[in-house]
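Worksheet: the structure to be examined is printed underneath.
Here the structure is a predicted model, which means the values were calculated and not measured. We number each residue from 1, following the sequence as shown. Every number for a ligand or one of its atoms is a count from 1 in the order of the listing.
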Amino acid sequence: MRNLPFDQPGRFYKGNLHMHSTNSDGLLDPAAAVAAYRDRGYDFVSLTDHFMERFHFPVTDTSAFRTADFTTLLGAELHGEGLRNGELWHIVAVGLPGDFAGQSPHENGMEIAARALAAGAFITIAHPHWNGVTQMDVMKIEDFDAIEIHNEGHTNDSERGNGWMLADALATAGLRFSVTAGDDAHFKARPDVFGGWVNVKAESLDPEALLASLKAGRYYSSTGPEIHNVVFTSNEIVVECSPAQAVFIGGRGSIKSFERGDGITRASFPIAPFQNSFCRVTVLDKHGKHAWTSPLWLDELNLE
Ligand SMILES: [Zn+2]
Ligand SMILES: [Zn+2]
């Protein structure tokens, strides 16, 4: 099943998919920015500097920072006109080729997203709440992989870091995509490091393997808790996780189910309400931190 990493071979690797360096508007140079995450225990990052003319269209080469137990994916945050509110698109592209060509003045946000997708990158619509991305905007994008549903930086500079309202509306409208959590780290005044990440299931810490898992949705997002397993049977959805105060399942429109308690590590829910729907799992811990699956589509399951 697309978007369900738990029964896939390999192990989970922790990564930050959204961050900036002195190659655009970040405080730290690429080596120091990447080292901060390596030293914190992350397995990989993608340095996603702003792909703008004033920064000379950087796709920062971070390959020199790869070691046996840490890797990087090349990336950039792409921009371009086209939002209905007159602002620029912000589209995080992870797994870009290092020679991704600069942007002509006429290439809009939808067009550069399509070009990055054709080049093999994993495309995420960044911080939709912060810059006011609507469903009507997303309908103009030919295709995309993910919506950023947690942006640590914009959680802390405007309380507009949560993209779930747009993501749930799009999933309810029938679009199929994954979701990501990321830091948007600039290492400046606001807290924007080590706050949101993805745990990607892959057979090795190889950039190509990680990119393939991202594209296939074999990961989940977190600001703290772990999701160990989500199992679907013919009549139940079973969630196993690190100790939680609540486990929520959301579906199409207003469909929901939940369990609350103290130190929940396993919760089960009837599957019936989620037939003809997607369902998505949220784990909330006692520190107020979350882990989220992407929307999971029951018609892609082979239920026993
Ligand atoms: Zn941005
Ligand atoms: Zn950014």
Side-chain angles (χ1 to χ4, degrees), residues 15-30 32-34 36-37 42 44-60 62 72-96 100 103 107-113 116-117 121-134 137-138 141 144-167 179-198 214 221 223:
N16 176 26
L17 299 176
H18 190 171
M19 58 186 286
H20 302 272
S21 75
T22 48
N23 280 359
S24 58
D25 60 350
L27 184 70
L28 303 183
D29 65 33
V34 171
Y37 281 87
Y42 282 62
F44 72 97
V45 296
S46 184
L47 182 51
T48 52
D49 277 305
H50 296 287
F51 195 75
M52 291 177 154
E53 185 169 26
R54 66 187 158 109
F55 301 124
H56 314 292
F57 296 119
V59 179
T60 302
T62 51
T72 65
L73 282 75
L74 270 53
E77 185 168 2
L78 310 175
H79 301 280
E81 302 204 344
L83 288 184
R84 288 174 65 95
N85 65 12
E87 296 200 11
L88 295 179
W89 280 97
H90 292 230
I91 293 165
V92 171
V94 168
L96 275 181
F100 189 68
Q103 186 174 15
E107 188 177 39
N108 68 31
M110 294 80 80
E111 290 163 343
I112 196 169
L117 200 65
F122 174 75
I123 302 298
T124 300
I125 296 170
H127 46 61
H129 187 183
W130 173 59
N131 60 331
V133 179
T134 67
D137 291 314
V138 176
I141 291 255
F144 64 98
D145 294 296
I147 302 278
E148 190 182 62
I149 51 79
H150 177 85
N151 180 295
E152 183 68 12
H154 292 306
T155 296
N156 292 317
D157 72 9
S158 56
E159 261 203 341
R160 286 181 166 182
N162 188 308
W164 268 120
M165 187 171 168
L166 176 66
V179 300
T180 64
D183 277 341
D184 204 355
H186 289 71
F187 307 93
K188 290 178 174 172
R190 68 182 190 185
D192 63 7
V193 293
F194 315 136
W197 57 87
V198 289
L214 285 167
S221 300
T223 62

Out of curiosity, [X] [atom1] to [Y] [atom2], how far, rounded to the nearest 0.5 Å?
| X | Y | atom1 | atom2 | value |
| --- | --- | --- | --- | --- |
| T60 | F51 | OG1 | CZ | 10.5 Å |
| I91 | M110 | CD1 | CE | 9.0 Å |
| T22 | L28 | OG1 | CG | 8.0 Å |

Name whichever N, O or S atom of E77 ends up nearest to the Zn ion (ligand 2). OE1
State the atom name: nearest N, O or S atom of H20 to the Zn ion (ligand 2).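 For H20, the N/O/S atom sitting closest to the Zn ion (ligand 2) is NE2.
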Which residue is it: H154, E159, E152? I am looking for the one with a side chain to side chain donor-acceptor pair (under 3.5 Å) to N156. E152
Do any of the N/O/S atoms of [X], backbone or side chain, fall under 2.8 Å from the Zn ion (ligand 1)?
| X | result |
| --- | --- |
| H127 | yes |
| H18 | no |
| D184 | no |

Taking the side chain as everything from C-beta on, heavy atoms only, tell me whether D25 gets closer than 4.5 Å to F55.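 Result yes, sub-4.5 Å side-chain heavy-atom pair found.
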Atom CD of E111 with >12 non-hydrogen neighbours under 6.0 angstrom: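 Buried by this count: over 12 neighbours within 6.0 Å.
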Specify whether an N/O/S atom of H186 falls short of 2.8 Å from the Zn ion (ligand 2).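 It does not; every qualifying atom lies at 2.8 Å or beyond.
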Only N/O/S atoms count here: what is the atom of H90 closest to the Zn ion (ligand 1) called? ND1
